[in-house]
Visitor: 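The structure's right below; bear with me while I get my questions together.
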Amino acid sequence: MSSFDYHEPTSIAEATALLARYGTDAVAMAGGVDLTRKFKSGGRRPGHVIALRRLPGLADVRTDGDGLWLGPLATHAALERSPAVRAHHPALRAAFTSIATIRIRNQGTLGGNLASAEAASDPPPVLMIFDAIVQVARPDGTQRSIGLDAFFVGEHRSVLEPAELIVGIRVPPVAAGTRATYARFNPGSADDYPTVSVAAALRVDAEGRIAVARVAVGAIGDLPVRAHSVETALVGQLPTDATLTEAAALARNGIEAIADRRGSVSYKREMARVWTRRALTTAATPMAAA
Amino acid sequence: MTTLIETPEYRIEGRDKVTGVASFVGDFQDEGMLEACFLRSPHPHALIRSIDIRAARTMPGVRAVLTGADIRPMRHGRRLQDWPLLAWDRVRLIGDRVAVVAADTLSHARAAVERIRVEYELLPAVLDPADALARDAPVLHPDAGEYHYFGERPEHRHPNIQGHAVHEHGLVDAAFARATRVFQHEFRLARVFQGHLEPHTCIVRTDGTGYHVTTTNKSPFRLRTLMATSLGIAPEMITIDSGYIGGDFGGKGFSIDDYVIAFLARATTRPVRFATPYTDDMQSGNSRHATHIRMRTGVDDANRFIAHESTILYDGGAYAAGKGNANLIPGGGLFTMIGYDIPNVRVDATSVYTNTLPGGHARAPGQPQNSFASESHVDLIARELNIDPFELRRINVISDGGHDTLGRTWKLSTIPAVMDALRREAGLDVARQPGRGRGVSIGARASPSGHGGADLQAKVVVSVTDDSMVEVLTAVSDQGGGAHTVLQRVVADELGIDVARVRIRRGTTSHAPFDLGVGGGRVTPVVGGAAQAGAALLRERLEAMAPGLEVREQLERVAGDLSVVGEFTHEPGLYSTYAYAVEVEVDRETGQVCVTDAVFVADVGTAINPVALHGQLVGGFAFGLGQALFEDLRIEQGVVTTANLDNYKLPSMADVPKLRVVLLPDSVGGGPHGAKSAGELANVSIAAAIANAVHDAVGVRVTSLPITAEKVFDALAGGADS
């Protein structure tokens, strides 16, 4: 392994300053899961690793007046066990219980996960249906907020700039009566990435019509995306089998798919349709709405 | 006299492995040891125009840089020596070794490798085995005439043929002509990786004359012979030391790089280590052959198989070096329709060169391919005949005194008994649950798999030590299969002493008596037989030297003074037999297959290590399940696109459904106390059982491995075979 300088800043300002100083020769390290994998696979190695482990408060998980706040250094295992996460919405917990293996969940962090922008990862679709917002610190001391549905731009690419650091993930309060679910289709090995993943949230109004619909699809293409066409088709409708099935069919062609070892383009599209319908059906069924 | 079965089992090496005390080749750190790194070909097929190593030589920490020019014309191989230690004029696969650097650290070695410049002239690559035999196909080995072959190599009709073999008995064409019905099917299997977690690793030390090699090779004496040939020195000048091996699954009987590392040790007079990067093991190692099989079977009006023909094409990859058989076909490669008695059979198998990774030995070489094809074929025949697949098998299996498809006579056949036990244990007479499918498969493997010679012979030294312990000296290393615990238990039992009084000493090729090593299921029946014979002889000598005393007292009396050689020759022609019944659920909308229940009945003779035996069988099930459902070394333009364990998924515990193992009682094998081989059974026929169950559940047939959800989905959508 070639050498690099290892930095352990103790404040966000110091961390972003280091990132700014070394530019593309620096990389921020949270749990290090993605980073060590990249190191091992032998690509270009940065000269500076900025370890975030000493930054205070960044592993915090709390509920406040604006909803749920998730610290970027919180591990998947911590989030999976967090009463605040479960209390916010039971379906949110599924984002973290589904990830890989217990070893990865104990080491990997939410911030690292989002920054690595892995299309098949579990948290993004679930966080997307809950309208999560990524809070980012910049070297000039300012911060900006990015809606998670605008955060990913391509394969392992996000809008995050080199000197920017994720400092928190805000999940706004969930309106009462919102039912949500996460469906993960993984016909290969249990600890493989899914072939397709679908998160769906529905809320019906007093007349039983769908007032709010959120559908996000992961794994089939370069990045996790909101299925806006499906959502639009649902709003104002009664959640009948026919409506859900018809809306889910829009997931087949509305999303860019890529062929890989987990499936061809046509198969992934079909599975996006099937699993969107299944997720919507679960979300529309009160008994199964956990 | 045997209380073996009732004695609790403790794995001899278990504590050391669990506590991390056990040292593997990657753990050793010699004073002044260098690390090696290879420059590998980025092209599947090319001529080497020039190699410039000047810049690499002057890099910091570099002690030696070797290219093919330094070693030519040295090639290696178990039977046919067709793999250059380092390519000098031509590369034949992505990952082929072109140059090697020894440096103070791996980082130094890697940095130097990056500075080596090679000019290639690209050649058209042969990537599909069917293309290899085209009249105008590029020839991979134009110099094959000068290759060394142990024995006399037959002529082949095409230069891209590695090996070709035909077995024929009876009057095949006439039998087909009189068959009531003839059935024909075609099957394809992906290339799969052995999945040993420890990569091939070696350390070579030399003082300029002798060589000491610490290696992950499980056949140390064979490696010694091959290395002596490569280095051009007497075998006695080489010591091969195979200690703990971190997983094998058939992949550790073959060394690819130990020879070159010996040249590096010679060039530097320093110890040199090479640990194969994992992705290189997967891109350019010795995986299981991808295979294409066509089968034809003729049936008479009593539903008896009267004629069978198989045509098999093995993708041998760039080199045949990994195959040990004289015909350069994987070991079980001609043995189709295992377990059936068919009077007229023709099997034609060919292995061909392609510009992809070489095929080698993997757990039961050749058998999973033939089993998937045969047991799917039989099931399809039953469906077309509209009779129960179990019944069709039962009608056609070998009974005592019958013959198998290689024409060998089975004095005893336990297949009918195994099938009857399966029927009972799996409740085959009870209707399956609605919505589920049930599939059956059978199989057999010679126990052990050799048919004569060193395969079936073993020798160990049994001694009484100064501290009155009984010590067994063997060349057999324990690669995880539990070899040493078997030997300990057999010897303790024979002498009637506690297992704690028996030590197993694994010796290098300079200390232990000759042994062919681990493989082909020979350790328990053959080496175990030698240990038992040695213990029996020791008991006789003890009685002669100190008559009338308890064994314990005898050992104290003769402490340090007695040593005998235990020898054993196993009789050929015995078989371990087995059968699976599995139940699956298939999601019709997605094609996903879920194995909900599995029963495995086996005849493995007497269990010497019941816990380890169970582990072998359940482990084999998991091993075969992964290869049945998702494992696939996918190759695109010569590149293995799944060359790491991120992308090539091995089954985890979460993937393995509960397997119920039922052992056939009262069976007697040829090993100690009637033990038989058990390591290469449960992985072989699980894939066909699943394919058969899928067909039963949803009416479509998948004729290729792995049986992915997408293939089932496509078959359901189109009704076509996939």
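Chain naming here is simple, since letters A, B, ... match the order of the sequence lines and numbering starts at 1 in each.
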Visitor: Based on non-hydrogen pairs under 4.5 Å, which of A/G263, A/P187, A/S189, A/A190 is most in contact with chain B?
Guide: A/S189
Visitor: Taking the inter-plane angle between the rings of A/F4 and A/F39 on a 0 to 90° scale, is it parallel (under 30°), tilted (30 to 60°) or perpendicular (over 60°)?
Guide: perpendicular
Visitor: Run the side-chain contact (heavy atoms from CB on, under 4.5 Å) test against B/A109 and tell me which residues pass, sequence neighbours left out.
Guide: B/C37, B/V101, B/A103
Visitor: Aromatic rings B/H196 and B/Y278: how do their planes relate, parallel, tilted or perpendicular, breaks at 30° and 60°?
Guide: perpendicular
Visitor: Out of A/K268, A/R278, A/R261, return the one with the most heavy atom pairs under 4.5 angstrom to chain B.
Guide: A/R261
Visitor: Taking every heavy-atom pair that is under 4.5 Å apart, which of B/N644, B/D587, B/D632 has the most such pairs with chain A?
Guide: B/D587
Visitor: Once rounded to the nearest 0.5 Å, what's the spacing between atom CE of A/M271 and atom CD1 of A/I220?
Guide: 11.0 Å
Visitor: In terms of heavy-atom proximity below 4.5 Å to chain B, should A/F185 be classed as side chain, backbone, both, or neither?
Guide: side chain
Visitor: Hey, which of B/L625, B/T590, B/T105, B/T708 has the most heavy atom pairs under 4.5 Å with chain A?
Guide: B/T590
Visitor: Between B/D281 and B/H200, do the side chains contain a donor N or O and an acceptor N or O under 3.5 Å apart?
Guide: yes
Visitor: Of the backbone (N, CA, C, O) and the side chain (C-beta and beyond), which part of A/T195 lies under 4.5 Å from a heavy atom of chain B, both, or neither?
Guide: neither
Visitor: Taking NZ, NE, NH1 and NH2 as the nitrogens, is one of them in A/D34 or A/R37 under 4.0 Å from a carboxylate oxygen of the other?
Guide: yes
Visitor: Name the member of A/T101, A/D260, A/V274 that forms the most heavy-atom pairs with chain B at distances under 4.5 Å.
Guide: A/V274
